[in-house]
Amino acid sequence: MVDLFRPYRARVGLTLIAVIVGVLMGLLPPYFLRIIIDDGLLRNDLRTVSIFSALTVIVTIAAAGVTLLYGYWSVLIGQYIMCDIRNNLFVRLQAMSLRFFTATRTGEIQTRLISDVQGVQTVVSTTVTDALSNVAIVITSLVAMFLLDWRLTLLSVGMVPLFAVIGSKVGDFAKNVRRGTQEQTAELNSMMQETLSVSGVLLTKTTGRLDTLTRKFDQENRKLAGWQIKMTLVNYLFFAMIRLITSLAPALVYWLAGYLMWRGDASITVGVLVAFTALQTRMFFPLTGLLNIQVEILSSFALFERIFEYLDLQPDVQESPNAVALPKESVLGRIEFRDVCFSYDESVRSHAVVDISFTAEPGQLVALVGPSGAGKTTLTYFIPRLYDPDSGQVLLDGHDVRDIRLQDLAEIVGAVTQETYLLHSTIRENLHVAKPDATDEEMVEACRLAAIHDHITSLPEGYDTVVGERGYRFSGGEKQRLAIARALLKNPRVLILDEATSALDTRSERLIQASLAGLMKGRTTFAIAHRLSTILAADQILVMDQGRIVERGTHETLLARGGLYRRLYEEQFAQPTTVRVSDEDGNAD
Ligand code: ADP
């Protein structure tokens, strides 16, 4: 935690100096008060009264100025640190492999990034300076009180342990409540995220589960309210007890002073008594503040724990310290798998892929075929290192992919997935994702090749048309062609292509086939193939079943073998009844 402050050492130092100066200034008015009463009022000396009243005003205003200054500085430091934490979390999360995201709910991640960080803000901005100024005020006030009268001081100090006990009890409780609140907030955020998205709403509406969902939301919502009520109660209780103590304290002091004066002690004057109670009040206020800070800090630990849990995450896919630079231009695109094994969950001894070995020569088209769940998608994940194999190697031009700089690997390998993820933004920006510095000409060229340019220009705002939430204004075929345009812009050496399973009308199908052929040319391509045209064009077909390559070869040889491939082929393509509905006008597109 201390590390967080390190970049701002100088500013922190300056702030601390300002705090001390402010505290010392605040100590003067009670002393002036004693002089005003004892030397001025009680002796009818108007000059002294005037001078020290004026001094009190000046010092008080100056002290307020200093307080404002260090308050501002500490907020600055706090905000800078918040930024740092959010940046660190963001970078850390981006480095996590796919495994992390498939296992974590999005709402959870957002809550940590935004609301947990927000929650520690008070601690790192105001709390630290507050704590310091409060400690300084308490100590200096105590010293000043001691100088005025040690007996009265002892009486006041006697009450301090009471404060401490209350503070730590309440602090522990508040920490639990805080953690509970954040966990519940994350729960609610996740729920909203899952249900208030296009897919979520579709699911609810098509299953008619609105009432169940509403009930569940209400339940979770009430839990959150419950936590928050608890939090407020803790605060009330805390302040009520503190108020009680601070109100009772002066009465005790007056009584003791009265008793001492009655016994004939001449050292206690009216001025001393007034100055003393002024100092005591000055001390109790920050003492309360300190306790509150104690509660604040203890409960913020709950949030820090949550934040550091994420900051301490070790990405399972990491760049090797001696990774080599491999510029895209120099890459041929030869991919070799050597005995690759992998399972998603090590505790479950079922492998997603087992003993995968094959070689794809530069520019070849490798078609992956097999029943659903056979491991085709998983196999493609190792090339861009979305996951690393448990054993075995994946080589690109003879380099283990784990020894290639991640940035370079990302440039070399491109993917067109079944689901095209479109940002809620313009078409132009959605294309720029693939190549941030693409010129308009390059963009148009890519879209022409992907057979989507004409469609884009027919839209009212052309390339500046805003794509709806997750691209729902585009049909499946159009989205695929946008994805192909993206891939063309990126121009990777190795392409992973997950062909859409959903059937398109013939016109779209023809457009896509043509643009795919253009895309695959000159690149090593791995296609999770659902199109006959892709399979027929493949240099080699890998037939997968239950994580293994069970057959390999070209279409003819595999067909002649009469094994799994032949069966799949006959099921999917050879029956005339499954010929896709033709729609030459392309309405369904
Ligand atoms: P295919 O692409 O051939 O349909 P996959 O590669 O998607 O097959 O899946 C292979 C196996 O791995 C399946 O049994 C699937 O259930 C499992 N699997 C896929 N993704 C995950 C995941 N994120 N966590 C756990 N198991 C997974």
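Note that ligands are numbered from 1 as they come in the structure, with each ligand's atoms numbered from 1 the same way. We count residues from 1, following the sequence as given.
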One should read off an interatomic distance between E445 CD and L488 CG, to the nearest 0.5 angstrom, of 8.5 Å

Give the numbers and elements of all ligand 1 atoms closer than 4.0 Å to a heavy atom of [X].
X    : value
S372 : 4 (O)
T378 : 5 (P), 6 (O), 9 (O), 10 (C)
A374 : 1 (P), 3 (O), 8 (O)

Should the pair [X]-[Y] be classified as a salt bridge under the 4.0 Å nitrogen-to-oxygen rule?
X    : Y    : result
E187 : K223 : no
D545 : R548 : no
D440 : R428 : yes

For [atom], find the nearest protein heavy atom and state the residue, atom name and distance (0.1 Å precision).
atom                    : value
atom 11 (C) of ligand 1 : G373 O, 3.8 Å
atom 2 (O) of ligand 1  : T377 OG1, 2.3 Å
atom 8 (O) of ligand 1  : G375 N, 3.1 Å
atom 27 (C) of ligand 1 : Y344 CD1, 3.1 Å

**Message:** Please confirm whether the ring centroid of F526 lies under 6.0 Å from the ring centroid of F382.
**Reply:** no

For A352 and ligand 1, does the shortest N/O to N/O distance drop below 3.5 Å?
no

Do you see a protein non-hydrogen atom under 4.0 Å from atom 16 (O) of ligand 1?
no

ask   = Which class fits the ring pair Y344 and F342: parallel under 30°, tilted 30 to 60°, perpendicular over 60°?
value = perpendicular

(Q) Less than 4.0 Å is my threshold; does some heavy atom of G370 fall inside it relative to ligand 1? (A) no

Are Q228 and T181 linked by a side-chain donor-acceptor pair shorter than 3.5 Å? no

